[in-house]
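FYI, the numbering just counts along the sequence from 1.
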Amino acid sequence: MYRKFIETLRRWEANNTKEPLLITGARQVGKTWLIKEFCSKEYDDHLYLNFESEPQLASIFESSLDPKEIIRRLGVFAGRPVSSQTALIFDEIQKCEKAVTSLKYFCEAEENYRVIGAGSLLGVKINRFESSFPVGKVKVVNLPPMDFEEFLLASGEGLLAEEIRNSYNKMQKLPELLHEKTIRLYHDYLYVGGMPRCINDYVQNGCDISYFDRELQGNIILAYTADMSKYTSGAAESVKIREIYDSVPRQLARENPKFKYKDIRGNANKRDFHLPLDWLVSSGIVIKVVKAELPQNPLKAYENESIFKVYMSDVGLLSFASGVNYKSFISAEDNIFKGAITENYVIQSLASQGRSLFYFKPDESMEIDVLLEDGDSVIPVEIKSGRHKRSTSLKNYNNKFVPQKMIRISENNFGQADNLISIPLYAVFCI
């Protein structure tokens, strides 16, 4: 499967960057496979080390963090020569804090070592690092689930993905036959999601949604649950993390999906649950979108950290956790879960580009699902799950703030009228 993230790895190598690369992301988004694939093609020699499956590796970093000494000992362990030209893969590196610390010394060494670290809960470890984290000495990047374009490529629809980009760039309608075909594939993606194992099953079964094995999604959620138990400070924290995660589908299904601690359980409050929520965000399992009090650049200056929405990092897992069947996506009738899943899909797609996302709701007459920064301007984005064209919130926003550009995302084809751009849901990856 082609992953866009491979270009991040190639740029890191092409720039000859001395900072080791640390790749964060939720479990089973494909970090290990991608790194191995890259290193096998890019380097003459590489050494893969997993600190979870081989915890004894930690002892190599106990007595010295000098890169030459580490390289020497790794060679003894591997039973073969290992040199400064050997690319090192430190998988599940969060299990060995001294290995993370050693990255500082790899960065500062005279030799340009090629070191890539990864871990399913690396983001959590970075936030809770007991000693000083080597800030400025490592490059931290996040690997998200596969987006809809990658789903199309995996499904053998590369030409269609290219046609969507062409239509977006020209802001010209996709031929109706292709539009309807892509909407069907988009519905499949809402059901399957972007986890590589799930997309692989979909492809292996001839891209026939009726044969897709949803147990794969259940198993991924079980793996997340196991992490909540294994990699937390105690049983009480893991219970709270699980309660928050379980509450996300029903929180999103409300008329106003602003995150409420009391919807986790009756006596829940911010004091007891904000750290477990941070754990989920840092792990890459959920995405947090904060409210902006004013749609002005920079949006970060106007964020209200106490008001936010929480989405799942993968729309397929949300579909599974919500118990939604495939017919709900193809129905012409709107339903509250379809709206929530559609919104999650758009948020996931935009967040995968590394954007900081905000929403705007000054009063009951206006709710803008997403605000995007574009240079010095701010673009309001409204998300529709079906083909309705009425946009009361965008109309009110336009009257009050007179933006240069507005975006409405729906199942309608490409189009533009004055400052309002219509983008099909399947083309969000182009934005």
Side-chain angles (χ1 to χ4, degrees), residues 1-13 15 17-43 45-58 60-61 67 70-71 74 77-78 82 86-107 113-129 133-135 137-146 150 194-197 220 223-224 226-227 230-231 279-285 313-314 351-352 354:
M1 294 183 183
Y2 173 74
R3 299 300 307 270
K4 297 177 186 180
F5 192 84
I6 199 77
E7 303 304 329
T8 299
L9 294 171
R10 287 172 180 162
R11 283 194 299 271
W12 173 75
E13 177 56 36
N15 292 337
T17 307
K18 290 196 72 175
E19 292 94 334
L21 200 62
L22 275 184
I23 302 175
T24 64
R27 186 175 292 279
Q28 298 191 38
V29 294
K31 295 183 293 298
T32 300
W33 177 87
L34 188 61
I35 297 168
K36 285 182 173 180
E37 182 80 2
F38 171 75
C39 289
S40 65
K41 293 179 178 179
E42 192 69 31
Y43 305 112
D45 183 36
H46 71 274
L47 180 63
Y48 174 79
L49 304 159
N50 189 311
F51 289 92
E52 184 171 62
S53 61
E54 296 178 295
Q56 68 273 20
L57 285 169
I60 289 176
F61 298 80
I70 291 172
I71 290 286
L74 288 176
F77 170 76
V82 175
T86 303
L88 302 177
I89 304 172
F90 292 163
D91 205 359
E92 300 297 347
I93 192 174
Q94 77 280 352
K95 296 288 289 182
C96 180
E97 190 161 313
K98 286 197 173 182
V100 178
T101 303
S102 75
L103 300 180
K104 172 179 183 290
Y105 301 97
F106 277 104
C107 176
Y113 295 100
R114 313 316 289 153
V115 184
I116 303 176
S120 54
L121 292 170
L122 184 53
V124 175
K125 185 64 178 180
I126 290 172
N127 283 359
R128 299 186 178 187
F129 210 68
F133 182 77
V135 176
K137 302 298 182 181
V138 295
K139 181 177 176 61
V140 182
V141 288
N142 181 69
L143 176 63
M146 296 171 72
E150 291 171 315
M195 304 304 281
R197 183 175 294 180
I220 292 171
Y224 288 173
D227 282 345
K230 280 174 22 182
Y231 300 110
W279 189 97
L280 283 168
V281 174
S282 300
S283 69
I285 294 175
S313 61
D314 178 66
S352 71

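I71 is listed as a side-chain neighbour of L88, based on a closest heavy-atom distance under 4.5 Å. By the 4.5 Å heavy-atom criterion applied to side chains, R114 and P20 are not counted as neighbours. Within the 4.5 Å cutoff, the side chain of S102 has no heavy atoms near those of the P67 side chain. For the pair K137 and L103, the minimum side-chain heavy-atom distance is 4.5 Å or more.
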L21/V138 under side-chain contact (heavy atoms from CB on, under 4.5 Å): CA gap, chis, key distance, verdict: CA-CA 6 Å; L21 200 62; V138 295; over 6 Å; no
Steps toward side-chain contact (heavy atoms from CB on, under 4.5 Å) verdict (V141, L22): CA-CA 6 Å; V141 288; L22 275 184; over 6 Å; no
Verdict with reasoning, I89 to H46, per side-chain contact (heavy atoms from CB on, under 4.5 Å): CA-CA 7 Å; I89 304 172; H46 71 274; 3.8 Å; yes
Step-by-step side-chain contact (heavy atoms from CB on, under 4.5 Å) determination, K18 to Y113: CA-CA 7 Å; K18 290 196 72 175; Y113 295 100; over 6 Å; no
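Between the side chains of Y224 and Q28, no donor-acceptor pair of N or O atoms lies under 3.5 Å. The closest side-chain donor-acceptor pair between Y48 and N50 falls under 3.5 angstrom.
Smallest separation of non-hydrogen atoms from L143 and G30: CD2-C, 3.8 Å. Residues P196 and M146 share a closest heavy-atom pair of CA-SD, 3.9 Å. Between L34 and F5, the shortest heavy-atom distance links the atoms CD2-CD2, 3.4 Å. Heavy atoms only, all atoms of each residue included: A78 and L47 are closest at CB-CD1, 4.0 Å.
Ion pairing between a basic and an acidic side chain is recognised when a charged N comes within 4.0 Å of a carboxylate O; R11 and E7 show no such pairing. Of the charged side-chain nitrogens involved, none lies within less than 4.0 Å of a carboxylate oxygen, so that K4 and E150 do not count as a salt-bridged pair.
Around NZ of K230, the count of heavy atoms belonging to other residues, nucleotides or ligands within 6.0 Å exceeds 12. The 12-atom threshold is not exceeded at CZ of R197, counting heavy atoms of other residues, nucleotides or ligands nearer than 6.0 Å.
The CD1 atom of I116 lies 11.0 Å from the CG atom of D91; values are rounded to the nearest 0.5 Å. Rounded to the nearest 0.5 Å, atoms CD1 (I285) and CZ (R27) are 9.0 Å apart. The OG atom of S120 sits 4.0 Å away from the CD atom of E92 when rounded to the nearest 0.5 Å. Atoms NZ and OG, on K95 and S53 in that order, are 11.0 Å from each other to the nearest 0.5 Å. With rounding to the nearest 0.5 Å, the separation of OG in S283 from CG in L122 is 11.5 Å. Atom OG1 in T8 sits 8.5 Å away from atom CD1 in I23 (nearest 0.5 Å).
Side chain of D314 to backbone of G194: a donor-acceptor contact under 3.5 angstrom is found. A distance-only check finds a donor-acceptor pair linking the side chain of K31 to the backbone of A26 [under 3.5 Å]. Within the 3.5 Å criterion, the main-chain N or O of V82 finds no donor-acceptor partner in the side chain of T86. Side-chain N or O atoms of S282 include none that pairs as donor or acceptor with a backbone N or O of W279 at under 3.5 Å.
With ring centers used as reference points, Y105 lies 6.0 Å or more from F61.
In this view, T17 and W12, N15, E19 satisfy the side chain to side chain contact (heavy atoms under 4.5 Å, CB included) rule, not counting sequence neighbours.
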